[in-house]
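Everything below concerns the one structure shown next.
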Protein chains: 2
Amino acid sequence: MGRGITIEDVARAADVSRQTVSRVINHSPRVSPSAKARVEEAIATLGYVPSLAARSMGGGRSGVLLAVFPESQTGSGTAQELGGMLLAGSAACGAQGYRLLFEPLCAAAGDPGAAAKLAGTIGALQPEGVILLPPLDRAPELRKLLDSRGIPRATLPGSEAASGNAGEAAARRLIELGHRQIGYISGPGDPQRSERWLAGYRRALAERDSRAHRHFVAEDQPGLCTALDLVRALLVPTIRPTAIITERADTALAVLHVARSLKLAVPRDLSLIALAEDPELVTCDPPIAALHRPVAALFAGACERLMAARKTADDTAVSAELPLELTLELIERPSIARAPRAI
Amino acid sequence: MGRGITIEDVARAADVSRQTVSRVINHSPRVSPSAKARVEEAIATLGYVPSLAARSMGGGRSGVLLAVFPESQTGSGTAQELGGMLLAGSAACGAQGYRLLFEPLCAAAGDPGAAAKLAGTIGALQPEGVILLPPLDRAPELRKLLDSRGIPRATLPGSEAASGNAGEAAARRLIELGHRQIGYISGPGDPQRSERWLAGYRRALAERDSRAHRHFVAEDQPGLCTALDLVRALLVPTIRPTAIITERADTALAVLHVARSLKLAVPRDLSLIALAEDPELVTCDPPIAALHRPVAALFAGACERLMAARKTADDTAVSAELPLELTLELIERPSIARAPRAI
DNA sequence: TTGAAAGCGCTAACAC
DNA sequence: GTGTTAGCGCTTTCAA
């Protein structure tokens, strides 16, 4: 097994030329069934896998998708999101014989070096498509670079704010259920996002003339423990929120415990909704509703879009950024219910 | 910018042959300083980056490190760990001009298809080194394959159990501090690991003839909320643990709150230690001690070992698995203290 | 110290 | 439908 099976070996085994083998593995229609069958068998028995390097050098498709992410990822949830995208993206790409590569890039938005570095990476890898992960998707020089090179690019749908504000959506839903006193617990995480969601929550309340409970936690993102202290303080008085929104799943879980220790039943006395999804939210009692931004799924979708773009348009046109639907999904679970008649 | 800058362009600009350029970028000693200088300047001004594909095809180093992970990663902490490794590994590799690629592989340990698939990936990528992420590192057929191909491989040090049992280490430390009644809260996560740690905890207690509080949570991994209920039940009676170990960081944080709501001071009345590190553990009050397995750092170390192996040994010998030190680090923080004299 | 030649595995473009 | 030819960008081996 010196250097691996090559197309030549397959060609010999199937008694055809290299080109025919090439046609088969590239799904060219102009191959006779018999030849195709023999080639496929040879491929299977020999365990042949085309060399990525040779393939991309020959001028064909490299079979590589590139995802660039900001270098200095510091948030705590970030690694998790990244991991989720890696998992989902790899699965999606692998299913179509593609490979997915993650590369860090300087986070500084306007950094001119970033574009240069991306150019280098592109030259080295010849990716068939590039996914710009936030906040890189907002860097015009990167987009321009990709466009000028004719490389399809994609971004996570809805990263541009407007399209999905979880805080607002959650608040609206609770208001719809008759709640008027709604607490909001921001948890550690991306502060900018937190602020946006909090603003959305305020907006929803203002529109419907609902009074938010004053003690929601805002600017300073409290740790889990501090947040729980606040929640307890919030829930002890007779006049208390009938619903609480938490940014993080673990906070919601802990709030459930606090409520229980205070003899408050969920959802009878208190509705609970988390702005992040987590398997534990399903298994607790009662299961907690969540507003979920399926980042991993969206990412996988972006990969698929890119792979499809290559097949159809080829060099005709650079794939536009078709925004996917489903950017934010409300997962209803027993932890939310209509507000009690009176407080 | 049709297809990118090639070595030819650089050679022309520096007025030398391609070989000379090649020598420069490969740090060959046999290049005259003047030529070297001109080449380097040309590279800089042209923004030349060697094509990975051409390079690996020419028979040289591909500049690619491959990390394979089990396909069906289901644990909730897993994505986070994976993301952390991606972050740390990319940084380490990027610093030396390497690229890091993550590929999923069937999880089933003995799956014969896994080896075949890995062989294919190797053929396609020609990686210079492969990192087998647990539990893939225990698959002999994969190791064998890599060895037979002469590809350096690495695994995360200490994944083989023995070297680091966080449960045991934490228990020992607490016993050392005089604690005898120690609770253990297993949290959702890798059940196997959980079981090992729990066993280690039991072992430590048994050795020192300490009595674990019976109500620790074992086999069934409770959700956060359930765990808190249990902790509360544990802490209410007069006879209660003087220390609690939690597998997850968020559980520790929440336990801190529970203790507080029960008027128990940490660490005066209760010592607390988490078996996972998290930024929040530092910011809470008091900061909570943690036993941390720096997976990301270990992974980056593995990458570095692989890159070094290529430079020195080349094809002489496949790099052995030098276990790193520092596989488990105890981060002392104010949440642990000597046990109170009497209970 | 440098250059010329050959070839890595594959795919486009062109023949047949 | 199929085989032939000519590279892709680089590195190795050999000559100078």
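Numbered from 1 within each chain, the chains take letters A, B, ... in sequence-line order.
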Aromatic ring proximity B/Phe299/B/Phe69, centre distance under 6.0 Å: no
Between D/dC8 (P) and B/Leu52 (CG): distance, integer Å: 19 Å
A/Ser32 side-chain proximity, nearest of C/dT11, C/dT1, D/dG1: D/dG1
Heavy-atom donor-acceptor pair, B/Ser90 side chain to B/Leu87 backbone, under 3.5 Å: no
Contacts of B/Thr121 that satisfy side-chain contact (heavy atoms from CB on, under 4.5 Å) - sequence neighbours left out: A/Arg99, B/Leu66, B/Glu103, B/Leu125
Atom-to-atom span, NZ of A/Lys36 to P of D/dT2 - whole angstrom: 12 Å
Proximal nucleotide (of D/dT11, D/dT2, D/dG9) relative to the B/Met57 side chain: D/dG9
Exam field: side chain A/Arg143 to backbone A/Asp137, donor-acceptor pair closer than 3.5 Å: yes
Proximal nucleotide (of C/dA12, C/dC10, D/dG9) relative to the A/Gln19 side chain: C/dA12
Atom-to-atom span, OH of B/Tyr48 to C1' of D/dG9 - whole angstrom: 7 Å
Under 3.5 Å between N/O atoms: give me all the protein pairs with nucleotides 14-16 of chain C, atom names plus distance.
none

Passing candidate, side chain to side chain contact (heavy atoms under 4.5 Å, CB included) with B/Leu142, options B/Val130, B/Val68, B/Leu136: B/Leu136
Euclidean distance, atom CZ of residue A/Arg18 to atom P of D/dA6 [Å, nearest integer]: 12 Å
Which residues share a side-chain hydrogen bond (donor to acceptor under 3.5 Å, both in side chains) with B/Ser62, sequence neighbours left out: none
Nearest-Å distance for atom pair CD1/C1', residues A/Ile5 and C/dC8: 16 Å
Set of residues satisfying side-chain hydrogen bond (donor to acceptor under 3.5 Å, both in side chains) with respect to A/Arg23, sequence neighbours excluded: none
Any A/Ser22 side-chain N or O less than 4.0 Å from OP1/OP2 of C/dA12: no
Sugar-phosphate, base or nothing in reach of B/Ser51, heavy atoms under 4.0 Å: sugar-phosphate
Distance in angstrom units between B/His27 NE2 and D/dT11 C1', rounded: 16 Å
Rounded distance in Å - CZ (A/Arg38) to C1' (D/dG3): 13 Å
Angle of first-five versus last-five pair axes in the helix from C/dT1-D/dA16 to C/dC16-D/dG1, to 10 degrees: 30°
Results of side-chain contact (heavy atoms from CB on, under 4.5 Å) for A/Glu304 - residues two or more places apart only: A/Ala92, A/Gln96, A/Met307
Sugar-phosphate only, base, or nothing, as touched by A/Arg55 at under 4.0 Å among non-hydrogen atoms: sugar-phosphate
Touch class at under 4.0 angstrom, heavy-atom based, for B/Ala53 against every strand present: nothing
Contact list for residues 29-52 of chain A, test side chain to side chain donor-acceptor pair (under 3.5 Å), sequence neighbours left out: none
Among D/dC10, C/dG9, D/dT11, the nucleotide that comes nearest once only the side chain of B/Asn26 is considered: D/dT11
Pairs under 3.5 angstrom only: tabulate donor-acceptor contacts from the side chains of residues 10-21 of chain B to other protein residues two or more places apart or in another chain.
{"unit_1": "B/Arg12", "atom_1": "NH2", "unit_2": "B/Asp9", "atom_2": "OD1", "d": "3.0"}
{"unit_1": "B/Ser17", "atom_1": "OG", "unit_2": "B/Gln19", "atom_2": "N", "d": "3.4"}
{"unit_1": "B/Ser17", "atom_1": "OG", "unit_2": "B/Thr20", "atom_2": "OG1", "d": "3.4"}

Phosphate-side-chain proximity, B/Thr20 and C/dG3, N/O vs OP1/OP2 below 4.0 Å: yes
Pairwise 5' ranking along DNA chain D for A/Val31 and A/Ala54, keeping only the more 5' one: A/Val31
C/dT2 phosphate, OP1 or OP2, under 4.0 Å from B/Ser17 side-chain N/O: no
Value in whole Å for how far the P atom of C/dA4 lies from CD of B/Glu8: 11 Å
